[in-house]
4 protein chains.
Amino acid sequence: MDIPDLSGLGLAEKEQKILESAIHVFSEKGFSAATTSEIAKNAGVAEGTIFRYFKTKKDILRGILVQTINIMSGKVVIEAVEKILNDSEGKELRVVLKEFIHDRIKLVDHIFPMARVIITEALFHEDVREAIYQNIIARVMITIRRFHKQMVERGLIRSDIEPELLIKTILGNLVVLIAQRKLFGDKFELDDIDKEVDKIIDVILYGIAGDKE
Amino acid sequence: MDIPDLSGLGLAEKEQKILESAIHVFSEKGFSAATTSEIAKNAGVAEGTIFRYFKTKKDILRGILVQTINIMSGKVVIEAVEKILNDSEGKELRVVLKEFIHDRIKLVDHIFPMARVIITEALFHEDVREAIYQNIIARVMITIRRFHKQMVERGLIRSDIEPELLIKTILGNLVVLIAQRKLFGDKFELDDIDKEVDKIIDVILYGIAGDKE
Amino acid sequence: MDIPDLSGLGLAEKEQKILESAIHVFSEKGFSAATTSEIAKNAGVAEGTIFRYFKTKKDILRGILVQTINIMSGKVVIEAVEKILNDSEGKELRVVLKEFIHDRIKLVDHIFPMARVIITEALFHEDVREAIYQNIIARVMITIRRFHKQMVERGLIRSDIEPELLIKTILGNLVVLIAQRKLFGDKFELDDIDKEVDKIIDVILYGIAGDKE
Amino acid sequence: MDIPDLSGLGLAEKEQKILESAIHVFSEKGFSAATTSEIAKNAGVAEGTIFRYFKTKKDILRGILVQTINIMSGKVVIEAVEKILNDSEGKELRVVLKEFIHDRIKLVDHIFPMARVIITEALFHEDVREAIYQNIIARVMITIRRFHKQMVERGLIRSDIEPELLIKTILGNLVVLIAQRKLFGDKFELDDIDKEVDKIIDVILYGIAGDKE
DNA sequence: TATGAATGAGAATTCATTCAT
DNA sequence: GATGAATGAATTCTCATTCAT
C-alpha cells in the first residue's frame, strides 16, 4: 500500500519523511494507537526531531490533513475531474463515466492509507468534516455542476436528475466497489475490475428495473 | 444520538450500563482515545467494576461487537429483511424498496453510535471485517438472493442484474444518503427525507441516462 | 505436595479450610503474589468469608505461622525429638541418628508447603525469625542438650563437641539433603534415600579426613 | 547490607543505579511486595525511566539474576574456587578448608541482598533453579571433582567419600553457619568467627563420634 | 453467618514531550 | 539542527477490603 509522494511541496526533507511515515503508521493503527516513537523509527529520524517540525502529535495529523487536502483538492482531484469534463465534449456518457471511475479507483488505490486516516477522523471530528467539505466537496461540486449541465444539454442525462443526485449515485456505487475491493477483497472473486465497472455503469445509466416495472 | 437498548439480553445491570457507556464514549472518541476512567464515570460505576465484567479494555470492544452483531444480524437485520421480502409478494418493486430504505435509515439512526465504532475498527482490523462478513453480510446475502429471484421471475428486475450487483447498487445509494445526513447534515438542506428517498429509488430503478444516450 | 492436617485444633470448619487453602496458595506463589480471591476459590468459600475469620490478608499469614509453630513445636517437633531421645537409651548413635533423620525427612515432606512460606517470610521479617527462634529453636535446644549430655556420658559423642555444634552439623547435612531432594530432585539420580542417609551419617560420625590428614 | 558493585559491566549509569536499587528493594521486601515506584525513588530516577531499560518489572528481576550469575559464576565463584584449589598443592586439608570457608563467608556477606532475592525466587520457580544449576552448581562441580581427586590421591580425604558427598558436607555446615550469622546473629554470642570455623572444620574432618561409637 | 458484587487506592506500564549535549 | 535519554502525567489493570442482602 504505497504512500503518496509528498515531494515538490516545499517541505524540508525530514519533514516530508516524517509525514510519509506518519501516514503509514496512522493508517496501520489509527491516530490514537500510533506512537511518535514508531513514526520516528519508521521515518529514520530521532523522536525529538519530530517535535522540531510539529509542535504536537496532533499537529502531525493536521499536517497530513493539509497535505491530503492539498493533493486531493489540488492537482489530483480538481485537475482530474476537470480533465475528464473537458475531454468529455463529444464522448458518450458511458465512456466518460468509465474513464472517471477507473481514474478514481486508481486515485483511491494510491491514497488509501491517507484516506483511511481521514475517514476515521472525519467520523469523529466535525472540524475535519468541515475541512473536507470546504476544500474538496464544495469545490468538486462546482465542476460537477458544469459537467451536469453539459450532459443534460446534450440529452445524455435525464433533465430531472439534479447535479447532487448525479454525484451521489456515482459516488455511492464507487464507494461500495472500492470498499469491496479494499476491505473484502478476499471474499469475492471479482470479475476483472473492468467488467465490474462496466456492470456498475450499466446500472447507473439504465437502472435495475425490468420491463414489467 | 441514542444508544441502542441492550436490555433483555440477559446482561447484569451494571454490565449493561458499562456497555452502553462504552458505546457512547467509543463513539465520541474512538476506541483508543477513550479511557476506561471516562467509561466508568459515564456509567456511574467505579473504574474497577469495569474489569469485573471485562478482562481488558479490548474486551469491552469485543463485547460491543458481539452485541452489535447480535442485534444487527439477529432480530434486526435478518428479520427486517425477511419481513420486507415476505411482504413483497404482490407489491411494486418501488414500494418494496421504499419500505426497505426507510427501514434501514431508521435502523442506522438507531445504531449509529455503535456503527461508527464498528466501521473504525473494521477499517483497521481484519478480524472485525471477518466477523462482519460472516455474521452479517453472508447471512443477508442469502435472503437477498431469494428476493432477487422472486423479483426477476416477476419481471420487476432486469434478468441480467446479478444479486450482488442488486445489493451493491441499493447499498451504495443508501450509504451516501446516510453519510450525507449523519456527517454533513448541516451542509445540505435536504428535502424532506421522503422526497430524497423517492429520487434515489427512481435512479436505482431507471438510471440516469437521458433519451439520447 | 500435601497440606498438613489442621483438624483437631479447635478451628471452625471454614477457618480450617481457608488456612489449608492459604498454605497451598502461598506455597505456590509466595505471600505477596497470592490473591485472596484464589485462596477463597481454592477453599470453596466466598471471598468475603475470608475476612470474617481474618481481618487482613496478613492475618492469614500470621494464622499459618501460628498453626505451623503449633504443629511443629507442639506435637510434631518436640514430641518426635523427645521420643527419639527417650528411645535412644541403649541404642547405637548411628541408629538413633538414622531414625532421627528419616523422621525429619518425613516431617519436611509433610510440611514443605508451609515450610516454603515460612522460610520466605523468615528471610524478610525479623518478627518471623523471632517466633521461629522462641517457639522452635529454643525449645528444641533444651531437648538436644539432654540428648547431647546422655550421648557424651555414654562416650558416643566426643566430649569436646558442644550441643550447638552437634545440632548444627546434623541440621546442616539435613538441610542440604532435603534441598537437593526438593529443589533439584531431577538433577541427581539419588541412590535410594536410605543409602544416602547412611553415607551422611557416616560423615557426621567420622568426618571426611583420610589417614594421612 | 551492602549492594554488590555492578560497575565495569558495561551498563549505562542509570541502568546500573536501577539494578542496584532493585536489588536493595527486592532484598528488603521480596519481588512481589516491592514496587517500581520505590525502586525508582531509591535509584533517583523517574519511574518511567525504569521501563526504558527493563520492559517489565519481571525483567528487572531477570536482570538481577543475570548479573548475579555473572558475578557469582564468573569472576567470583569459579575463580575463587580454582584459586583455592590451585593453591592447595602442598597444604594441609584443614588449611585449605579454612581459607575456602572464610572466603565463602566473605562472598556471602557481600552478595547477601542478591542471594536473598535469588533464594526466594528459587523456592518458587523451577526456571530460576535451573539457571542456578546450569550456571553455578554444574560448573562448580567440575572444579570440586578435580579438588577431590587431588585430595584423595594425597590421602587427605577418605577414598570412600564421593565428590558429591564432600561438597554436600562442606556446603551443609557452611549454610548453617551463615544462616545463624545472618538471620539469628543476635541470638548466639558467637565466638569470634575464626574459632567457629575451626570447630566446624574439625567436625567436617573427624566427625562427632566418641571413642565408644 | 455467608455471600459476592462493588469499590477505590495503588500498582505497572505507556508515551508525548522536553532538553542537555 | 538533530539527537535520544529522561521525564511524569495519564492510563490500564489488580486486588484487598467492605457491605447490602
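Chain A is the first sequence line, chain B the second, and so forth, proteins listed ahead of strands; every chain is numbered from 1.
For the pair B:K41 NZ and F:dA10 P, the computed distance is 12 Å after rounding to whole Å. Rounded to whole Å, the distance from NZ on D:K58 to P on E:dA11 is 18 Å. For the pair B:K57 NZ and F:dC13 P, the interatomic distance rounds to 8 Å; values are reported in whole Å. Between the CD1 atom of A:I50 and the C1' atom of E:dC19 there is a distance of 16 Å, rounded to whole Å. Separating the CD1 atom of D:I39 from the C1' atom of E:dA11 is a distance of 12 Å, rounded to the nearest angstrom. Here the P atom of nucleotide E:dA11 and the CZ atom of B:F51 are 17 Å apart, to the nearest Å. Atom-to-atom, CD1 of D:I60 to P of E:dT13 comes out at 8 Å; the value is rounded to the nearest Å. As rounded to whole Å, 14 Å separates atom P of E:dA11 from atom CZ of D:F26.
Distances shown here put a side-chain N or O of B:T49 below 4.0 Å from the OP1 or OP2 atom of E:dT7. Between D:T36 and the phosphate of E:dA12, there is a side-chain N or O to OP1/OP2 separation shorter than 4.0 Å.
Between C:A33 and A:V45, the residue anchored closer to the 5' end of DNA chain F is A:V45, taking for each the nucleotide with the nearest heavy atom. In terms of position along DNA chain E, the nucleotide closest to B:Y53 lies nearer the 5' end than the nucleotide closest to the other residue of the pair A:R52 and B:Y53.
Residue B:A34 is in sugar-phosphate contact alone, with no base atom involved, counting any heavy-atom pair closer than 4.0 Å across all strands shown. Within the 4.0 angstrom heavy-atom criterion, only backbone atoms of the sugar-phosphate kind lie near B:T35; the bases stay farther away.
Two residues are said to be in side-chain contact when any heavy atoms from C-beta on lie closer than 4.5 Å; C:H24 and C:E20 fail this criterion.
For the pair B:K57 and B:F51, the NZ or CZ position fails the cation-pi test of under 6.0 Å to the six-membered ring centre and within 45 degrees of the ring normal. A cation-pi arrangement is present between D:K182 and D:F112, with the terminal nitrogen or guanidinium carbon under 6.0 Å from the aromatic centre and inside a 45° cone about the axis.
When both pairing distances are held under 3.5 Å, E:dT7 makes a Watson-Crick or G-U pair with F:dA16.
Between the C:K41 side chain and the C:T36 main chain, no donor and acceptor come within less than 3.5 Å of each other.
For B:K14, counting side-chain heavy atoms from C-beta on, the closest listed nucleotide (E:dT7, E:dA16, E:dA12) is E:dT7.
Classification of D:K29 and D:E38 as a salt-bridged pair holds, one side-chain N sitting under 4.0 Å from a carboxylate O.
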